[in-house]
Amino acid sequence: MVSFDTKSYSKKLLHLISWSHWFTFFNILAAIALSSYYLFSDPAPTTLFGQVYLITTWVSHIAFLTFMSFVLVLFPLTLVFPNTKFIRTIGSIIFTLGLLLLVLDAFIYSRLGYHLNASSSTQIISLLQDIAKENSLFYSLSGALAIVILAFEFTVSNYAWKHLKKLQKTIFARFVIFALVLSFFFSHVSHIWADANLNYDILRQDTVLPLSYPATAKTLLTKYGLFNIEDYIERKNSPLSFSQAIPNYPTITAELCPSETANKTPTNSVFLILTEQQVSISQLNQFSRRASVSSLLLTNNIDTGISDDAWFNLLYALPSIYQQDILKQGIKPLLFQRIDQQALATSLTVISAEFTVNSVTGHGADENIDITEPRWFEALFSKKTELSNVSSLLFAEKLNNKTPGLHIIYFKNSHGIKANKAEQNNNQYQFELFVDALLLAQKQKSAKDIIWISSIGNQSNETRLNTKPALFIYPQGTAVSHKDVSFNTSNMDLQPTLMSQWLGCKVSKHSNGTDLPRLNKDRVIANTTDKGIIIFNKDKSVFVDQNGNFQSYSRKFSSPITVNEDFPLMIDGVHFIKQFTQQEKQ
């Protein structure tokens with residue numbers, strides 16, 4: 001009796017294992033078919049060797065993942081509980097979930113450039129929610145796909161079970177398995193050779209398939225066009241630059257500024273109060289309480305620029321990598337183009353202790369004083385004033401009678417005579433005095449002005465990973481509200497915000513910024529330096545250099561942290577930087 005039961009159990013188990021092999025074989029074919037979506041997410045390899053490698057690594061890697069799902073999940077269940085109905089049912093459910101996960105991963109990769117992962121769960125969920133809002137059939141189509149795959153699983157499960165003896169006599173599967181094994185070894189040997197010889201056409205495919213070879217930061221940056229391929233091959237540490245020409249900077253069109261706003265010239269002004277010193281949240285809170293109109297306190301504002309880079313980020317609303325090419329084109333920022341169209345004023349007032357006498361350059365310039373080499377952005381303004389202090393600017397009558405337009409008050413650190421004295425390098429008192437006078441003067445004005453208060457630039461590389469809070473004060477209706485914005489913002493948001501709130505234009509597509517009052521979700525923000533790329537998400541800031549080294553900084557604890565290489569975050573940062581280059585494709 002015991003012998004009979006043992007033989008019966010062994011026969012049933014062998015039958016189930018044989019069925020599970022064929023069931024897995026059919027799922028390998030299905031997985032290969034569904035995963036073909038990955039191949040269309042990236043540009044095709046440029047060489048025949050690269051194309052052959054892509055095909056062989058695709059079929060063998062997907063087959064391997066599917067087979068490992070059987071080995072790690074279904075096979076142990078078969079040994080532990082060899083019940084026919086249970087194993088066939090649970091096997092169908094397991095592979096249905098696996099194929100659905102494969103389809104979802106391929107979709108995420110095509111949209112975001114990386115695979116499913118925990119560190120980017122916020123961006124993935126946000127993407128799916130946005131798609132669901134745009135397409136009401138999203139959930140219905142997803143459910144239908146799940147039903148179709150589940151029906152397929154039950155069908156092939158039933159077919160393999162009923163025709164098991166017939167399938168065991170066939171030989172076609174042997175040729176398929178042999179081809180898959182041969183592809184597996186060929187792709188791995190090819191990758192070893194490519195890694196040793198820096199064959200970019202092979203290495204750029206490392207991230208295409210899920211759970212594939214680990215990529216490097218430099219390979220990924222080269223893949224996304226932020227490193228020159230020749231420099232990659234030669235192992236050069238050249239500064240970041242685009243491997244292809246960037247689009248021409250846009251000019252104002254009726255599409256950007258609708259005709260109904262074309263003849264509406266603003267009667268109020270915009271004041272940008274900028275200082276090279278760090279501005280604290282407590283300072284901005286005090287200013288916010290004194291504002292007579294609504295304000296947004298940007299607690300996680302980002303400014304990674306040094307010197308002129310910071311001004312380019314602010315005025316062009318683009319990352320620093322575009323600066324050299326855009327300035328060569330000689331086209332003004334969209335904000336200044338619109339200001340010129342509407343004949344508004346522009347002025348730049350620089351406050352610094354290094355100016356021992358008042359001087360005005362531009363219209364009515366005094367040619368008898370020493371003039372330092374002008375910075376590129378000074379040519380944008382019709383009037384430039386240099387002052388050693390703000391005493392002449394503190395009168396409400398003078399502030400409220402300025403010609404409507406864009407007026408920048410820039411508190412510059414003193415680098416001239418007496419710069420060795422600490423008090424000469426600190427404009428904070430002058431800065432606070434002027435802001436208080438401006439906010440007090442606004443209470444007497446009927447057409448309230450728009451005011452932006454922030455620091456600009458970094459004095460050293462050490463502060464580039466920090467956030468720099470800013471305050472945006474703007475009139476909206478009759479209600480006065482003061483709101484703290486904890487979402488990631490940056491100085492690149494200023495131009496699209498002013499174009500929308502002040503000039504009635506929509507230019508977000510041509511910049512990396514967002515209209516601040518309409519910002520309703522967090523986002524990854526990035527910028528470039530001459531040595532790498534800086535990326536910010538909700539929790540941390542990360543610097544990635546050309547050699548793939550990651551330096552992370554906790555935004556919660558304001559201290560350096562040690563984390564694993566976060567390539568999905570880096571890819572999100574690259575997508576942010578490349579928004580402007582994608583405008584012609586939109």
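Hydrogens, waters and symmetry mates play no part in the numbers below; they use all other heavy atoms, side chains included.
- Checked by atom type and distance alone, the side chain of Ser382 pairs as donor or acceptor with a backbone atom of Thr346 at under 3.5 Å.
- Within the model, atoms CD1 of Ile326 and CG of Leu315 stand 13.0 Å from one another, a figure rounded to the nearest 0.5 Å.
- Atom CD1 of Ile473 and atom CG of Leu297 lie 10.0 Å apart (nearest 0.5 Å).
- With a 6.0 Å radius and a threshold of 12 heavy atoms from other residues, nucleotides or ligands, Gln278 has its CD atom above the threshold.
- Note: Phe107 and Phe138 have tilted aromatic rings, judged against thresholds of 30 and 60 degrees for the angle between ring planes.
- A pairwise comparison of heavy atoms in Tyr114 and Pro568 identifies CE2-O, 3.3 Å as the closest pair.
- The minimum heavy-atom distance linking Leu334 with Gln495 is given by the pair N-OE1, 3.6 Å.
- The main-chain N or O of Ser481 is found under 3.5 Å from a side-chain atom of Ser294 such that the two form a donor-acceptor pair.
- Between Lys509 and Glu255 a salt bridge is recorded (basic side-chain N to carboxylate O distance below 4.0 Å).
- Rounded to the nearest 0.5 angstrom, Asn466 CG and Ile302 CD1 are separated by 11.0 Å.
- A distance of 7.0 Å separates CG in Leu438 from CG in Asp449, rounded to the nearest 0.5 Å.
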Side chain to side chain contact (heavy atoms under 4.5 Å, CB included) evaluation trace for Lys538 with Phe487: CA-CA 7 Å; Lys538 182 173 61 176; Phe487 298 134; over 6 Å; no
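- Dense packing is recorded around CD of Gln286, with more than 12 heavy atoms of other residues, nucleotides or ligands lying under 6.0 Å away.
- Side-chain atoms of Asn117 come within 3.5 Å of backbone N or O of His115 as a donor-acceptor pair.
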Pair Trp502-Thr497, side chain to side chain contact (heavy atoms under 4.5 Å, CB included): steps then yes or no: CA-CA 8 Å; Trp502 186 42; Thr497 301; over 6 Å; no
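- Formation of a donor-acceptor pair under 3.5 Å by the Thr514 side chain with backbone atoms of Leu516 is not found in this model.
- Between Tyr249 and Phe580 the shortest side-chain heavy-atom distance falls below 4.5 Å.
- When all heavy atoms of Ala345 and Ile339 are compared, the pair lying nearest together is O-CG2, 4.2 Å.
- Note that the OG atom of Ser292 and the NZ atom of Lys443 stand 5.0 Å from one another [nearest 0.5 Å].
- Checking side-chain atoms of Ser552 against main-chain N and O of Val542 turns up no donor-acceptor pair under 3.5 Å.
- Atom CD of Gln329 has more than 12 neighbouring heavy atoms from other residues, nucleotides or ligands inside a 6.0 Å radius.
- Looking only at side-chain heavy atoms (C-beta outward), Ser490 and Asn313 stay at 4.5 Å or farther from each other.
- Between Leu112 and Ile124 the shortest side-chain heavy-atom distance falls below 4.5 Å.
- Here the shortest heavy-atom pairing between Ser295 and Leu471 reads CB-CD1, 4.0 Å.
- Listed for the Lys384 side chain is no donor-acceptor partner under 3.5 Å among the backbone atoms of Phe381.
- A pairwise comparison of heavy atoms in Arg523 and Asn512 identifies NH1-O, 4.2 Å as the closest pair.
- The aromatic rings of Trp311 and Tyr410 lie perpendicular to each other, with more than 60° between the two planes, well past the 30° mark.
- Checking Leu274, Val435, Val390 one by one against Phe411, the side chain to side chain contact (heavy atoms under 4.5 Å, CB included) holds for a single residue, Val390.
- Using a 4.0 Å cut-off between charged nitrogen and carboxylate oxygen, Arg375 and Asp308 count as a salt-bridge pair.
- Within the 3.5 Å criterion, the main-chain N or O of Leu569 finds no donor-acceptor partner in the side chain of Asn537.
- Partner of Lys468 under the side chain to side chain donor-acceptor pair (under 3.5 Å) criterion, chosen from Asp303, Asn458, Thr463: Asn458.
- Of all non-hydrogen atoms in Ser320 and Asp309, the two that sit nearest each other are OG-CB, 3.6 Å.
- Considering Leu272, Ile273, Ile453 in turn, Ile273 is the only one that fulfils the side chain to side chain contact (heavy atoms under 4.5 Å, CB included) rule with Ile409.
- Taking the charged nitrogens against the carboxylate oxygens, Lys412 and Glu276 have no contact shorter than 4.0 Å, which rules out a salt bridge.
- In this structure the side chain of Phe312 never reaches within 4.5 angstrom of the side chain of Gln324, judged on heavy atoms.
- By the 4.5 Å heavy-atom criterion applied to side chains, Leu296 and Leu519 are not counted as neighbours.
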Quick one, Phe434 with Leu399, criterion side chain to side chain contact (heavy atoms under 4.5 Å, CB included). Give me CA distance, side-chain angles, the key distance, then yes/no. CA-CA 10 Å; Phe434 176 79; Leu399 291 170; 3.8 Å; yes
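- For His510 (side chain) and Lys506 (main-chain N/O), no donor-acceptor pair under 3.5 Å exists by modelled atom type.
- Under the 4.5 Å side-chain criterion, counting only non-hydrogen atoms from C-beta, Thr251 is in contact with Gln337.
- Aromatic ring centroids of Tyr474 and Phe472 lie under 6.0 Å apart.
- Arg518 has no carboxylate O lying under 4.0 Å from a charged side-chain N of Asp493, or vice versa, which leaves the two without a salt bridge.
- Salt-bridge formation is not detected for the pair Asp130/Arg111: no Lys NZ or Arg NE/NH1/NH2 atom is positioned less than 4.0 Å from an Asp or Glu carboxylate oxygen.
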Stepwise, does the side chain to side chain donor-acceptor pair (under 3.5 Å) test hold for Thr489 with Asn301? CA-CA 5 Å; Thr489 60; Asn301 194 58; 3.0 Å; yes
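- Between the side chain of Lys448 and the main chain of Gln476, no donor-acceptor pair closer than 3.5 Å is present.
- Not one N or O on the side chain of Glu386 forms a donor-acceptor pair closer than 3.5 Å with the backbone of Val350.
- Using a 4.5 Å heavy-atom threshold, the side chains of Pro469 and Leu284 count as touching.
- Just one of Thr528, Asn527, Thr529 meets the side chain to side chain donor-acceptor pair (under 3.5 Å) condition when paired with Thr304; it is Asn527.
- Contact check for Leu393 versus Thr349: side-chain heavy atoms found under the 4.5 Å cut-off.
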Check against side chain to side chain contact (heavy atoms under 4.5 Å, CB included), Ser392 and Leu387: CA-CA 9 Å; Ser392 61; Leu387 300 172; 3.8 Å; yes
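- Considering CZ of Arg290 and CG of Asn285, their distance stands at 11.0 Å, rounded to 0.5 Å.
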